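Okay, structure first, notes after.
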Protein chains: 2
Amino acid sequence: MENEKEYYETKASEDEYLAWYKKQDWKTYDKPAMAVDNVIFGFDPSDNQLKILLIERKTHPFKGKFALIGGFVEPNESAKEAALRETKEETGVEIVEDNQMWQIGAFTQPDRDPRQWIISIAHATFLYPFVLPLAGDDARSARWFTVARNSNGELEFLHPEGYVALDDLAFDHKDIILTTFKRIKDSLDVTPDILHVLGDTFFSTDALGVLKNFDKKFVNYSTGNFVKTYVKNNPILMDTGKFEKNPKGAGRPKKILSLRK
Amino acid sequence: MENEKEYYETKASEDEYLAWYKKQDWKTYDKPAMAVDNVIFGFDPSDNQLKILLIERKTHPFKGKFALIGGFVEPNESAKEAALRETKEETGVEIVEDNQMWQIGAFTQPDRDPRQWIISIAHATFLYPFVLPLAGDDARSARWFTVARNSNGELEFLHPEGYVALDDLAFDHKDIILTTFKRIKDSLDVTPDILHVLGDTFFSTDALGVLKNFDKKFVNYSTGNFVKTYVKNNPILMDTGKFEKNPKGAGRPKKILSLRK
DNA sequence: GAAATAGTGTCTTTTAGACAATATGGT
DNA sequence: ACCATATTGTCTAAAAGACACTATTTC
């Protein structure tokens with residue numbers, strides 16, 4: 001039988017090998033379940049704030065904690081397809097541009113889910129347009145939280161009735177979110193795809209406001225220098241040359257920027 | 001029975017819930033096998049060239065093609081632990097510093113392996129010290145290839161007897177390698193961990209030589225300006241202030257740099 | 001017309017990068 | 001002595017950032 005294996009692996013054609021392979025009764029190794037988790041960002045035009053979508057868990061495990069949008073990957077589906085599907089299910093929005101969703105990485109600590117071996121492929125989604133999440137069942141209803149930082153500079157997520165700290169998150173979602181924020185921060189000068197939450201065109205001030213959530217170097221920028229330095233040098237940002245009067249009321253008309261396709 | 005589920009999910013303690021969960025006979029979904037693939041970089045002091053470790057496949061599938069170092073993730077093991085284990089098996093080197101190995105991401109196209117559903121968590125390893133790969137079996141013997149680019153700027157991997165092009169790679173390893181190079185390139189100004197292939201301390205000229213493989217902006221640097229601009233601004237690079245005479249023979253002594261811990 | 005907002009202009013300081021000069025060791 | 005190699009120094013042009021000024025809109 002060793003001869004048979006060697007024959008198919010080395011002498012037969014690849015098609016013959018594959019036909020033979022699939023007939024064999026291989027010892028099955030333990031396998032993990034594969035899930036996706038999705039850090040979905042949005043920009044709320046009603047208060048000009050960057051938001052993140054979380055659900056409060058009503059059941060064990062991690063009852064009462066907050067979690068990212070997630071779900072299992074189905075066979076014949078890539079992780080990104082699963083994340084796109086879950087995003088559509090939760091928000092109704094179909095993500096069209098490739099760079100509106102990044103894969104952040106695989107989170108594979110064997111004990112990350114207390115129930116069983118489940119790995120998660122984390123994604124970040126820069127949602128547009130901004131929509132209210134679709135109503136889910138009792139155990140699962142998503143809400144938008146404002147991205148903010150406490151006095152120690154730690155991330156927290158605000159809601160009219162309170163706030164969610166990183167330690168209020170289920171599973172390893174603190175880890176996923178921190179990794180996501182670091183990844184976005186580190187690529188801000190190369191690919192600030194987070195700005196997709198603003199849509200195709202947007203105001204310079206809103207762009208600066210979004211970026212401030214990821215790197216404090218933007219806190220120091222005056223709006224004028226922001227456009228002169230960051231926008232001018234950024235490979236995917238563009239000044240359209242157009243203006244729109246401030247929809248919020250007073251003020252000089254704002255510059256309209258866009259992302260290069 | 002629905003009442004029982006609801007009871008344990010919402011009213012029982014988390015420990016009670018988990019004990020109950022593990023007794024249940026859940027419908028088992030299809031699960032993928034989880035593998036790791038590892039883009040292992042090294043720096044050969046005998047020719048001062050950046051190298052990558054590849055194996056030539058002697059069996060189907062992808063017989064005759066070249067592949068990355070890979071293997072399956074075992075239960076109770078994270079993907080990174082599996083990648084560290086495979087690296088040790090293949091080279092004998094135990095990677096000690098956390099940032100000498102990056103996770104690049106999960107490659108999850110369902111048909112990426114023609115045999116069965118196997119996802120791969122790709123890693124990049126910046127190996128040091130440089131060692132010859134350990135002898136494997138017939139089907140698996142790894143060799144170092146010099147990282148180079150052809151006249152079109154496309155990556156290729158050289159060996160005294162020939163070269164390997166990206167299209168000579170098995171599975172989706174072309175994809176993995178391209179993603180790895182892009183990731184290294186994009187983070188060169190923030191975390192040039194690729195320089196770990198040079199060890200704890202190294203010459204400025206070797207650093208520049210390694211970086212040239214990832215971004216052509218380094219081709220234009222004179223060695224003088226390289227230290228004055230790149231090294232000075234880089235958050236993890238340091239000028240030790242020491243010098244060593246050129247071990248290759250002629251020339252003014254070289255500056256010794258190091259990576260900040 | 002005062003307050004709010006944000007774009008524009010100007011000036012100063014810093015930085016990048018080109019290039020020349022210098023230091024070191026080999027042949 | 002001369003060549004190869006790499007650092008150091010210098011100069012110039014460009015860029016960053018501070019800050020004052022101006023334009024637009026609301027109240």
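Chain letters run A, B, ... following the sequence lines, proteins first and then strands; every chain starts at 1. Quick caveat, the model's predicted, so the values are computed rather than measured.
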Could you tell me the separation between the NZ atom of A/Lys245 and the C1' atom of C/dG7, rounded to a whole number of Å? 17 Å
Quick tally for nucleotides 8-19 of chain D: nucleotides whose base has a protein heavy atom under 4.0 Å get B, sugar-phosphate-only ones S, the rest -, giving BBB-----SBB-
Can you sort out the partners of B/Lys232 under salt bridge (Lys or Arg N to Asp or Glu O under 4.0 Å), two or more places apart, ordered by chain and number? none
Residues from residues 200-216 of chain B lying under 4.0 Å of DNA chain D - heavy atoms: B/Ser204, B/Thr205
Can you check whether B/Asp37 reaches B/His173 side chain to side chain, under 4.5 Å on heavy atoms? yes
Residues which pass salt bridge (Lys or Arg N to Asp or Glu O under 4.0 Å) with A/Asp172, listed by chain and number, not counting sequence neighbours: A/Arg112
For residues 162-171 of chain A, tabulate all N or O donor-acceptor pairs below 3.5 Å that involve a side-chain atom, not counting sequence neighbours.
from, atom 1, to, atom 2, distance (Å)
A/Asp167, OD1, A/Lys174, NZ, 3.0
A/Asp168, OD2, A/Ala165, N, 2.8

What orientation do B/Phe181 and B/Phe157 show, parallel under 30°, tilted 30 to 60°, or perpendicular over 60°? tilted
Who pairs with A/Glu154 by salt bridge (Lys or Arg N to Asp or Glu O under 4.0 Å), at least two apart in sequence or on another chain? none
A/Glu244 CD - C/dG7 P separation (whole Å): 13 Å
Whole Å only: how far is the NZ atom of B/Lys217 from the C1' atom of C/dG17? 14 Å
Taking OP1 and OP2 of D/dA6, is either one under 4.0 Å from a side-chain nitrogen or oxygen of B/Lys254? yes
Exactly one of B/Asn213, B/Asn150, B/Ile177 clears side chain to side chain contact (heavy atoms under 4.5 Å, CB included) with B/Leu155, and that residue is B/Ile177
Charged N-O contact under 4.0 Å between B/Arg85 and B/Glu89: yes
